[in-house]
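First the proteins, then the strands, lettered A, B, ... as listed; each starts at 1. Keep in mind that what you see is a predicted model, and the values were worked out from it rather than measured.
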Amino acid sequence: MIPEGFEYAAPATLNDALALLSQYGEDAKILAGGHSLIPMMKLRFAAPTHLVDINNIPGLSYIKEEGGYLHIGAMTKEVELEESRIIRDKYHIFTDASKLIADPQVRNFGTIGGNIAHGDAANDHPAVMIALGAEVEITNSTGSRWVSIDEFFYGFYTTAVQQGEILTALRMPALNGKSGTSYHKLERKVGDYATAGVAVAITMNDDGTCKSAGIGLTNVNPLPLRAKRSEEALVGTGLTDEDILCAAQYAAEDCSPNDDLRGSEEFKRDMVKVITKRMIKKAISRT
Amino acid sequence: MHEIKFKVNGVEQTASVEPRLLLVHLIRENLSMTGTHIGCDTTSCGACTVLIDGKSAKACTILAVQANGKDITTVEGLATAEGLHPIQEGFKEAHALQCGFCTPGMMLRAVELLEKNPNPTEEEIRWGISGNLCRCTGYNNIVTAIQYAGAKMRGAELPSTEPEFV
Ligand SMILES: Cc1cc2nc3c(=O)[nH]c(=O)nc-3n(C[C@H](O)[C@H](O)[C@H](O)COP(=O)(O)OP(=O)(O)OC[C@H]3O[C@@H](n4cnc5c(N)ncnc54)[C@H](O)[C@@H]3O)c2cc1C
Ligand code: FES
Ligand code: FES
């Protein structure tokens, strides 16, 4: 399968890329890892007139803790997350997620920025970002702004990134010794999108009660979903089995999955409940 | 058209390509190297796997223009004048192929896996080749072949390649 014809440019600076995007207008697309975009172009679900390849722009790929945040550059590849020391030691949620995203060859190319900018509730990183309370840096020719992940997703394939803009970075509050995170998705086979996926981040108080909780759900809602009632059900509690079950029940009630090849709505709600319960326990065990 | 310059198996190449040309077609059609296969054409099977600057990649999902300045290895580049690459020897010794369609991609993926993890466990191998489908062998002998190649490359004792009957 061959994509429709298009023009291609691989600018060497962010400013050049932004200028090209503005010049080409709404039919231009950014090429990052290409592992969502190129398959769609081959199937002709997407037919951009111009591709602006941002792989030659230096400085968009990094993972670092600084000023109380974990900063991740938009062009950081899945494999780099998997292999990063700081991620492996502290941010287990990414290690859990990366292993379940596509396969090793795809992870050699897919970027975290592309995964989020794609605006697909089936992708795994959006829920992870929700759990971690991330912010997204969006850059255009006049400067950059930070957008909360809760205000980032507009609809299917549409996000806060507007024409002429590039998602340049992500940042999330750095975790400390009192935090634990986890992610799991049920998938039918390697490379499949989630039947249901749940991301959890828990921070404890010194007295063993729950200080804060972040819970994001994958592929069980039109938009990546923050399970608000579930989070509220945990904060301030001693995280007993009953508290956890209550949070899991709310998550199952508050999402709205579709009946499809991956399962019925009822089955998916059940899976959300089971996975939420397990991921809360796993996150607690990692605090 | 874009003029691109790249290396395939150590040999400098140039090509004039349309942006929409896929890397797998550049390799198979422009360079007539048909060892790189096309199976699913939808990024699932791994039959088209090549190495780009040492990283395994599904060539059906990369544009040929993206290969500009890159160093590509295909199955044709594995053997040297001295003989087979250890991974090829492993596949031969362990009977790790039947129809052979998945084999080039499987071997190139294994080369990167062993580069990063010279002594992988069975589970690490199975996760490591999870982007490569084989419809014939049932994978067991492929796992043995990769263990064999790893041992050979490390200079360790070679594992038995006798098939297990259960
Ligand atoms: C076989 C297969 C299985 C997969 N399985 C999973 C899975 O289980 N879970 C999962 O989460 N993903 C999965 N994916 C998707 C994969 O992770 C993609 O790589 C990822 O969704 C997109 O990242 P990318 O860098 O490849 O983006 P691209 O494909 O390059 O871009 C995707 C979209 O985002 C836009 N974009 C990219 N980067 C930016 C940016 N910096 N700023 C603004 N816009 C940008 C592009 O214009 C395009 O519209 C799978 C893909 C394949 C091929
Ligand atoms: S042909 Fe490329 S992954 Fe199947
Ligand atoms: S040997 Fe036939 S597909 Fe693997």
Do A:D260 and A:K268 sit within salt-bridge range, that is, some charged N less than 4.0 Å from a carboxylate O? yes

Looking at A:D103 and A:R107, is any side-chain nitrogen of the basic one under 4.0 Å from a carboxylate oxygen of the acidic one? no

Side-chain donor/acceptor of [X] to backbone N/O of [Y], under 3.5 Å:
X: A:N123; Y: A:N115; value: yes
X: A:T276; Y: A:V272; value: yes
X: A:T181; Y: A:I93; value: yes
X: B:N9; Y: B:T74; value: yes
X: B:K58; Y: B:G131; value: yes
X: A:N108; Y: B:A57; value: no
X: A:E80; Y: A:K77; value: yes
X: A:K282; Y: A:G180; value: no
X: A:T76; Y: A:G73; value: yes

Where on [X] is there a heavy atom nearer than 4.5 Å to chain B: the side chain, the backbone, both, or neither?
X: A:E4; answer: backbone
X: A:L37; answer: neither
X: A:F109; answer: side chain

By number, which residues in [range] have some heavy atom less than 4.5 Å away from chain A?
range: residues 34-43 of chain B; answer: B:D41, B:T42, B:T43
range: residues 79-114 of chain B; answer: B:R109, B:E112
range: residues 153-161 of chain B; answer: none

If you measure only the distance, is there a donor-acceptor pair under 3.5 Å linking the side chains of A:D53 and A:N55? yes

Side chain to side chain donor-acceptor pair (under 3.5 Å) for A:Y91 and A:E65? Distances and angles first, verdict last. CA-CA 11 Å; A:Y91 296 86; A:E65 266 186 333; 2.5 Å; yes

If every non-hydrogen atom of A:Y62 is compared with every non-hydrogen atom of A:T168, which pair is closest and at what distance? OH-O, 4.3 Å

I need the contact set between residues 182-199 of chain A and chain B: heavy-atom distance under 4.5 Å, sorted by residue number. A:V190

Centroid-centroid under 6.0 Å between A:Y157 and A:H118 rings: yes

Tell me, do [X] and [Y] make a side-chain contact under 4.5 Å, heavy atoms counted?
X: B:L26; Y: B:V17; value: yes
X: A:T158; Y: A:F153; value: no
X: B:R28; Y: B:M33; value: no

With a 4.5 angstrom heavy-atom cut-off, is it the side chain or the backbone of B:T49 that approaches chain A, or both, or neither? side chain

